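Here's the structure we're looking at; comments come further down.
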Amino acid sequence: MPEYMINGIPVNFPFEPYELQKNYMAKVIECLQNKTNGVLESPTGTGKTLSLLCSSMAWLLHMKPKQPKHRMETIDTLPEPPELSNAKHAALDPEQALALQQQKANAKMKIIYASRTHSQLSQAMQELKNTSYLFVRSIILGSRDQLCIHPDISKQENNAIKTVLCRESVKARNCSFYNRVETAKDRPDVATVPVMDIEDLVTVGRKLKACPYYLSKELVEQADVIFMPYNYLLDPKARKSNGLSLQNSVIILDEAHNVEKMCEEVGSALLRSSDIALAIEDASSVIKSMMDGGGAWSGDGEKQLELTLDDLVLLKEILLGVEKAVDDIGILFSQGGTTHPGTYIFDLLEKANIKFGNINVVLQVMNSLITHITTEKTGGFVRRGAGLQSMVDFLEVVFASSGPEYRQAVEKCFRVHIEPEEPKQPAKGGVKRADGWTATKQPLKAPVKSASKVINFWCFNPGFGMRQLVDSGTRSIILTSGTLAPLKPFISELSLPVAVSLENPHIIARSQVYVKVITHGPDRVELNSSFKNRSNPEYIASLGRTALSLCPIIPGGLLIFFPSYPLLNKCSEEWQASGIWGQISRIKQIFVEPRGKDQFTTTMAEYYAQVRDPASRGAIFMAVCRGKVSEGLDFADANGRAVMITGLPFPPMMDARVVLKKQYLDTNRTRENELITGNDWYSLEASRAVNQAIGRVIRHKDDYGAILLCDSRFQNARQQAQLSAWIHSHLREGSAVPNFGTVVGEMSRFFRHMSTASLPARVRDVCAVKDEPGEAAKEEPGKGKRFATAVKGGGINTFAEKFRLSEYLPDSMKVNHHSRSTMPAGGDAEAGGSGLVTLHKRERNDGEGRPPSAGAFEATRKRRKIVIVPQPLVKREDTEDGENVLLPVKQEPDVAAAASVKRVAPENRVDFLREVKCSLSAGSYKTFLQSLAVYNRDSDFVLFIKQLCSCFNAPHLHYLLLAMRRFIKQEHTLEFDTIIERIESRYLSDM
């Protein structure tokens, strides 16, 4: 693999990096070398993840030999692990402070890579497997939902109950899967696989009958790179649960545009009156059971309750005090609730005798009670303890730290909002969530009293959570994404000292993307999805006609993003009622983003299959900004040739949390902290969601597509300034808003040009065939008609982009699909560059020899079928009457011809590995990856070449073996060439 020196660090990169990739890697290494924090923006498709991984891995390997081999175990001398406290350690004596500094300096250097979802983490781990750093030990942390394989515990729907049952089973050593973890971690299936993602862990866990969840925890200590979701890193409870130490670690937060909101959510909590009532009911039932048993626990479990009756009576008294304090709060139901400063929560809980002095004892009693009542089954097999668990979660967030500094921070950065509790609607979506951002399903918990309330403890300063990471002994924190701009307000909100920043341009050429603001539909109705206008029937109909007019000229997949689910559902209903839906479906099949996880996976698979289907004209996927489709999913090439943004997804303006966030920013904004105003934040929230949706269409340097902003508000200069920087030039270029017809014409020419442009084969579309205009008169006697490929968007049926002609040819005729040859526009089959196929067209005769009318000719032309016949299978002969006809040719095996056609492996390393994966069986590909990792680590060439020859032993795979020379180290290249010559001579002698 090519090696490049960047800031004095040798970096192995799969191909020659572009200048912006070099700049990006230089900034990453600069942060790591100088122990500083960085904020780096690089648009989607610029190789951000690959550059991030290669540069950070190269630095880690460069620094590893310099680390002390034996770390000093000084953590036991400290009063508590530093990363579990928000407060600074001013209480440490000089000896403990020195021990802390030594521990930080000698802690194992590791990289923690965090992203929002596990799907995004899986993509990053797949990128790592495609580099030469796949031998670096890496592990991913997941939840019990993803990793538990216990036949009973894994079936529990409530995650909190699943956690309690798992812990109790592990504590009692009743889980056979957990008991095998210690031996499984040293087995070859685990020890020889350096990079293990969720699927790998579950697969090896089932094979070895060992718990994947605890196996991943065991492998953390050995790992150099740990992948995890944001909440595992930002939540102090999650860090404690996973035993995660941040000392001397590098934290990489990918897709960091979500970090602000995640930091706020981790520091926020809510408690409902119904939760308190359930907690009281659980405590009462246990007290009754103990009293019936003479003061002892009388459940069916073998273990005795560790609590006394007095403990439970005191706990119930505390819970009743909380209920009374909440009931006594006066709120104006007509105004939707009341708001208090953050410290109000301490005064409220103190009325129930919950305060900083006894909070640890209260939590201990609650956790013990939860453990016992959740492991006891009632007659109906219903697990209890949900109310107590909600109480524990709420109190742990409220009392996350202590001291005057913490109380002062809570007063400034938090608000307590109390609102009426609405009855939960069972089995219905669309229930308003407490944070007001998205709608979710809420289970029916308990009957809700008329005076029931919800206590919201909201954090409005993301820097509050970020400071916990900074104070935990981290070496560097790097935040990166494709949509961070503008950087200044982003950095100021996080309160993070940043020494390195970068805003990269896009890697694609200007000609590869078409950007337009569409202010009016084809019926000249203004497109504006503001809250007042989105119910307007004329607007909804015009939006449907816009999609109907554009979808025929867009090849492949079209993504349509709506600001909210209600608007998506309303448009779907109105379009179906008016017939627009049916008209669109006759051109492209429509898929709608579902809410459920299982349905989502199935729908995505069906969408991709429809786009790949050669008989279809593509597909449409209707989704919502901030939904699953708008982030983390890849719609490269034909899967997403265009994206329509139907509006600006502003947060709900009258939502209490949104109003309070704007007030917080306006109140605390100063010239020194550079915070943005509340209105600027409100507008920026919508723009960042739009930028994420736009990023679905351009996924790599050879991709191309159209970005259509179908809302008149995108004309606003302020709104355009908040879009990604690489889009600005395209919007300035077309500052004059064209009419709808002009947009259709320009976009048709754009796709026509891109279909015929000399792009690499993997992004070229194999299209249908049509008559070359005016060529009929130029035909020479005895020659067949001439044909040329039709461009996309011309209304003719197209094939999917991943179609390969070589897959349909005999083995003796296959050639390298990366060097596609095309037939000259003005030549016939014999004059074609490849000479491999002849394209024939079947036409209907009208039976009378009359030339058809224009209308009949158009109808006939659309019904023509294309038949692809390999050239060697037919021959031309003249009949007795002088007619030139095609006759079949008997095929004989031509070994010499097959040998003369040499396949060439792709130059791009990612394409090469993809071709290797497609060419080998699953077992052989796994052996190939393992051998490559072992060779990079041990430099054992003899073993490596032996395994390569075993994997590529078939003659048709020889070209892949030959291409492996790029992975051979300099000292082994001569020996490799000698072995290849020997293999080639053997092949020739066999022929």
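It should be emphasised that the depicted structure is a prediction, and the values quoted were computed from it without experimental measurement.
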Are the side chain of [X] and the backbone N or O of [Y] linked by a donor-acceptor pair below 3.5 Å?
X      : Y      : result
Asn37  : Ser476 : no
Ser919 : Glu915 : yes
Thr973 : Lys969 : no
Arg965 : Leu961 : no
Gln123 : His118 : no

Residues 199-213 vs salt bridge (charged side-chain N to carboxylate O under 4.0 Å, His left out), sequence neighbours excluded, gives Lys129-Asp200, Asp189-Lys207
In short, salt bridge (charged side-chain N to carboxylate O under 4.0 Å, His left out) pairs touching residues 922-947 with sequence neighbours left out are none
Does a side chain donor of either Tyr608 or Asn639 reach within less than 3.5 Å of an acceptor in the other side chain?
no
Listed by chain and number, what are the side-chain hydrogen bond (donor to acceptor under 3.5 Å, both in side chains) partners of [X], not counting sequence neighbours?
X      : answer
His506 : none
Gln222 : none
Ser56  : none
Asn23  : none

Just checking Phe227 against Tyr113, ring centres under 6.0 Å apart?
yes
Open item on the list: Pair Leu40, Ser501 - check side-chain contact (heavy atoms from CB on, under 4.5 Å), show working.
Closed with: CA-CA 5 Å; Leu40 313 177; Ser501 61; 5.7 Å; no
Where [X] and [Y] come nearest, the two heavy atoms and their spacing:
X      : Y      : result
Leu32  : Val250 : CD2-CG1, 3.3 Å
Ala58  : Pro10  : CB-O, 3.4 Å
Leu479 : Ala256 : CB-CB, 3.8 Å

Flag side-chain contact, heavy atom, 4.5 Å: [X] against [Y]:
X      : Y      : result
Val204 : Leu215 : yes
Ile508 : Ile698 : yes
Leu502 : Thr480 : no

task: Let me see the working for Ser921 and Ser924 under side chain to side chain donor-acceptor pair (under 3.5 Å), right down to the final yes or no.
output: CA-CA 5 Å; Ser921 64; Ser924 297; 3.1 Å; yes
To the nearest 0.5 Å, atom OH of Tyr935 lies from atom CZ of Phe135 at 12.5 Å
Between the CG atom in Leu244 and the CD1 atom in Ile226, the distance rounded to the nearest 0.5 Å is 5.5 Å
* Verdict with reasoning, His753 to Tyr704, per side chain to side chain donor-acceptor pair (under 3.5 Å) -> CA-CA 11 Å; His753 168 72; Tyr704 64 91; over 6 Å; no
